Number of protein chains: 2
Amino acid sequence: MTSREESAETLRRAGHRVTSAKLLVMEALRHAGDHLSATSVIDQVRRDAPHVSESTVYRTLGALRDSRLISETTFGHGEVAYEWLEERSHHHLVCSQCGAVDELSDEVVAGFAKQLSDAHGFNADLQHLAVPGICARCSRDSEAAGE
Amino acid sequence: MTSREESAETLRRAGHRVTSAKLLVMEALRHAGDHLSATSVIDQVRRDAPHVSESTVYRTLGALRDSRLISETTFGHGEVAYEWLEERSHHHLVCSQCGAVDELSDEVVAGFAKQLSDAHGFNADLQHLAVPGICARCSRDSEAAGE
DNA sequence: CCAGCAAATGCAACAACTTGCAAGAGCGAG
DNA sequence: CTCGCTCTTGCAAGTTGTTGCATTTGCTGG
């Protein structure tokens with residue numbers, strides 16, 4: 001089964017119609033294998049299909065996000081980043097100083113979610129969390145600089 | 001000392017110049033005592049001073065956020081919400097279903113931050129976290145509905 | 001009180017989305 | 001294979017927020 005056919009199958013299972021626009025967006029994200037901004041996705045899609053409108057890509061990204069096929073994350077104060085969701089959920093530590101993005105295992109986050117559930121009955125949806133802060137290296141550097 | 005004078009003093013301490021635009025933004029947020037969207041702040045400010053431009057308000061909100069005088073939070077997928085920061089840091093549980101916003105004590109979050117620090121050396125900045133998920137009531141309701 | 005520099009502002013253009021509406025296209029029923 | 005319902009899409013206009021640049025203005029040192 002080709003990647004395209006897999007995508008089509010996934011779409012159908014999620015209750016979407018199989019359209020070229022959706023397939024192109026999915027392929028772009030799958031092949032990037034990394035975070036892509038909405039703008040990058042638009043560029044990527046248009047390389048293959050210049051006629052696809054921006055609003056379609058935006059709407060598609062929203063729809064895929066709602067279906068949990070891709071994740072939508074806000075790193076700091078810039079644009080929104082989209083990523084193809086593989087099996088495991090994962091999270092990010094984003095350094096506000098140097099911009100470095102580190103991965104964070106699900107375990108710590110799951111423990112946090114459990115506490116929220118126990119204490120507040122709140123069923124947290126921490127599928128893809130971005131935690132802002134200062135990374136180890138920057139902390140060390142600013143200490144060394146006598147801060 | 002009037003509220004305005006207090007604000008001016010706070011601004012000076014944070015290294016800002018005291019301008020009417022900044023004071024108006026601060027007063028709007030202080031008196032609201034709640035989350036305000038950027039647009040609401042603009043409206044509020046313009047009620048008193050119609051000449052102040054939008055970009056000034058946006059820039060002021062950004063500057064106050066950087067100085068930790070106000071918090072900037074993204075609830076779900078809408079606009080950004082600003083809030084005057086009183087002493088204690090606090091967090092929110094946002095229900096994706098009914099939109100309810102519940103407060104979350106700092107303790108649980110502080111524990112989470114400590115884990116990040118221990119495990120990754122990452123100095124998380126969880127001054128004002130918004131956790132998406134499903135609140136207790138909606139969980140109950142959807143169970144009752146046979147979901 | 002005044003001069004001068006840097007911060008702050010207004011304006012206008014730009015970037016990043018969002019939305020209403022009419023036309024087009026999947027896909028299930030027949 | 002065809003019809004038709006409904007989901008999708010394109011387009012264009014509207015929000016929301018950002019940025020470059022020229023001008024104004026708070027503040028500090030004479």
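Just so it is clear, the model here is predicted, and its values are computed rather than measured. Chain letters run A, B, ... following the sequence lines, proteins first, then strands; residues in each count from 1.
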* Structure fact -> NE2 of H91(B) to CD of E107(B), rounded to nearest 0.5 Å, is 10.5 Å

* Asked: When the distance from CZ of R46(A) to C1' of dT9(D) is rounded to whole Å, what number comes out?
  -> 13 Å

* To do: State whether T56(B) places a side-chain N or O below 4.0 Å from either non-bridging phosphate oxygen (OP1 or OP2) of dG10(C).
  => yes

* Contact class for T19(A) (heavy atom, under 4.0 Å): base, sugar-phosphate, or nothing? -> sugar-phosphate

* Asked: To the nearest Å, how far apart are L61(A) CG and dT8(D) C1'?
  -> 15 Å

* Asked: According to a strict under-4.0 Å criterion, is H16(B) in side-chain N/O contact with OP1 or OP2 of dA7(C)?
  -> no

* To do: Would you mind reading off the distance between L11(A) atom CG and dT8(D) atom C1', rounded to a whole angstrom?
  => 12 Å

* Asked: Distance check: side-chain N/O of Y58(B) vs OP1/OP2 of dG17(D), anything under 4.0 Å?
  -> yes

* To do: Measure from the side chain of R12(A), starting at C-beta and using heavy atoms only, and say which of dA8(C), dC27(C), dT18(C) lies closest.
  => dC27(C)

* Asked: Hey, are D118(A) and K114(A) close enough for a salt bridge, meaning a charged N less than 4.0 Å from a carboxylate O?
  -> yes

* Apply side chain to side chain donor-acceptor pair (under 3.5 Å) to the pair S7(B) and T10(B), showing each step before the final yes or no. => CA-CA 5 Å; S7(B) 295; T10(B) 308; 5.7 Å; no

* Tell me: CD of E54(A) to C1' of dA16(C), nearest whole Å? -> 9 Å

* **Side-chain N,O (T60(A)) to OP1/OP2 (dT9(D)) below 4.0 Å** => yes

* To do: Specify the separation, in whole Å, of atom CG of L64(B) and atom P of dT9(C).
  => 10 Å

* Asked: Could you give the NZ-to-P distance, from K22(B) to dT25(D), as a whole number of Å?
  -> 15 Å

* Asked: Closest to the R59(B) side chain: dA8(C), dC11(C), dT6(D)?
  -> dC11(C)

* Shortest side-chain distance from T39(A), nucleotide among dA16(C), dG10(D), dT18(D) -> dA16(C)

* What nucleic acid atoms does S55(B) come within less than 4.0 Å of, heavy atoms only: base, sugar-phosphate, or nothing? -> base

* To do: Using only heavy-atom distances, determine whether the side chains of H92(B) and T73(B) contain a donor-acceptor pair under 3.5 Å.
  => no

* To do: Please report, rounded to the nearest Å, how far the C1' atom of dA15(C) is from the CD1 atom of I42(A).
  => 11 Å

* To do: Please determine, for the side chain of A38(A), which listed nucleotide (dA8(C), dT9(D), dC17(C)) has the closest atom?
  => dC17(C)

* Between R68(A) and D125(A), is the closest basic N to carboxylate O distance under 4.0 Å? -> yes

* To do: Have a look at A63(B) and say if it touches a base, only the backbone sugar-phosphate, or nothing, with a 4.0 Å heavy-atom cut-off.
  => nothing

* Closest-nucleotide 5' rank along DNA chain D - winner of S20(A) and S37(B) -> S20(A)

* To do: Calculate the interatomic distance between L36(A) atom CG and dA16(C) atom P; express it in whole Å.
  => 14 Å

* V94(A) vs V131(A) side-chain heavy atoms within contact, under 4.5 Å -> no

* For the side chain of R17(A) and the base of dC7(D), is some donor closer than 3.5 Å to an acceptor across the two? -> yes

* Asked: Between S53(A) and dG10(D), is there a side-chain N or O to OP1/OP2 distance below 4.0 Å?
  -> yes

